[in-house]
Amino acid sequence: MKYWLMKTEPTTFGVDMLEAAPRKTTCWDGVRNYQARNMLRDEMRRGDGALLYHSSCEVPGVVAVMEVVRGGYPDASAFDRKNKHFDADSDPHDPRWFMVDVKLKRRLKRVITLDELRVHAAKELDGMWLLRRGNRLSITPLESAHWRFILSLE
DNA sequence: GCCAACGTTGGC
DNA sequence: GCCAACGTTGGC
């Protein structure tokens with residue numbers, strides 16, 4: 001079992017919308033980056049843990065714990081002409097983009113902010129993807145020790 | 001295969 | 001809105 005951190009802009013899709021979704025579950029579609037695609041397709045499995053992170057908002061930070069309830073499968077939004085993430089070059093018989101399903105396990109009691117995570121960047125959270133300079137990947141792996149430490153801050 | 005131009009991300 | 005950092009594109 002692996003752990004992940006998944007970024008989203010709350011104005012586009014945040015924890016409120018996830019909580020309101022049927023069975024508090026959603027497909028995580030629209031990822032159009034090859035590195036992230038490879039993780040979605042090859043590495044993310046049912047049962048993995050994922051932290052939900054809000055970016056580009058007033059207080060960026062970790063807001064919830066999720067579980068991957070379905071491993072990588074083709075991202076249907078790539079085939080939908082009307083979808084913002086439509087990709088004419090993605091062949092349904094050889095899909096280019098993948099997604100997973102995630103379910104909200106619980107909201108954190110409070111937001112664990114980016115600022116707070118940074119405090120520990122050189123020690124407990126050394127090597128964490130999110131804290132690396134210039135990192136823009138929307139899905140990143142999380143070491144289990146980092147997962148535990150972040151949740152211990154709650 | 002190089003690399004300049006361009007687009008996107010995301011904190012501030 | 002600014003801008004650093006990075007990914008992608010496309011001419012050569």
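Chain identifiers are assigned alphabetically (A, B, ...) following the order of the sequence lines, protein sequences preceding nucleic acid strands; residue numbering begins at 1 within each chain.
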Checklist entry - Just checking, any donor-acceptor pair under 3.5 angstrom between side chains of A/Ser77 and A/Arg32? => result yes
Next on the checklist: What residues from residues 109-132 of chain A pass a heavy-atom cutoff of under 4.0 Å to DNA chain C?
Outcome noted: none
Item to check | Member of A/Lys105, A/Arg23, A/Lys2, A/Lys24 meeting the salt bridge (Lys or Arg N to Asp or Glu O under 4.0 Å) criterion with A/Glu67 | outcome: A/Lys105
Checklist entry - Can you check the A/Arg136 CZ to B/dG7 P distance for me, whole Å? => result 14 Å
Next on the checklist: Taking side chain to side chain donor-acceptor pair (under 3.5 Å) as the cut-off, I'd like each qualifying pair that reaches into residues 123-138 of chain A, sequence neighbours left out, listed once.
Outcome noted: A/His120-A/Glu124
Checklist entry - How is A/Ser56 classified with respect to the nucleic acid when contacts are heavy atoms under 4.0 Å: base, sugar-phosphate, or nothing? => result base
Please list, pair by pair, any protein nitrogen or oxygen found under 3.5 Å from a nitrogen or oxygen in nucleotides 3-6 of chain B.
none

Item to check | Whole-Å gap separating C1' (B/dG7) and NE2 (A/His85) | outcome: 15 Å
Item to check | Gap between atoms CG and C1', on A/Leu137 and B/dG11 respectively (whole Å) | outcome: 16 Å
Checklist entry - Can A/Arg96 and A/Asp87 be counted as an ion pair, charged N to O under 4.0 angstrom? => result yes
Item to check | Protein-nucleotide distance (A/Arg37, atom CZ; C/dT8, atom P), rounded to Å | outcome: 10 Å
Checklist outcome for this item: From CD of A/Glu9 across to P of B/dG10 the rounded distance in Å is 7 Å
Next on the checklist: When you compare the side chain of A/Leu108 with that of A/Leu52, does any pair of heavy atoms fall below 4.5 Å?
Outcome noted: no
Checklist entry - In terms of side-chain geometry, is the basic nitrogen of A/Lys84 or A/Asp29 positioned less than 4.0 Å from the acidic oxygen of its partner? => result no
Checklist entry - Taking C-beta and beyond as the side chain, do A/Leu51 and A/Val65 meet within less than 4.5 Å on heavy atoms? => result yes
Checklist outcome for this item: A/Tyr53 OH to B/dT9 P, in whole Å, measures 15 Å
Item to check | Atom-pair distance (OH on A/Tyr34; P on B/dG7), nearest Å | outcome: 18 Å
Checklist entry - What residue among A/Lys109, A/Arg107, A/Arg148 forms salt bridge (Lys or Arg N to Asp or Glu O under 4.0 Å) with A/Glu154? => result A/Lys109
Checklist entry - When you check the phosphate oxygens OP1 and OP2 of B/dG10, does a side-chain N or O of A/Lys7 lie under 4.0 Å from one of them? => result yes
Checklist entry - Taking the inter-plane angle between the rings of A/Phe13 and A/Trp28 on a 0 to 90° scale, is it parallel (under 30°), tilted (30 to 60°) or perpendicular (over 60°)? => result perpendicular
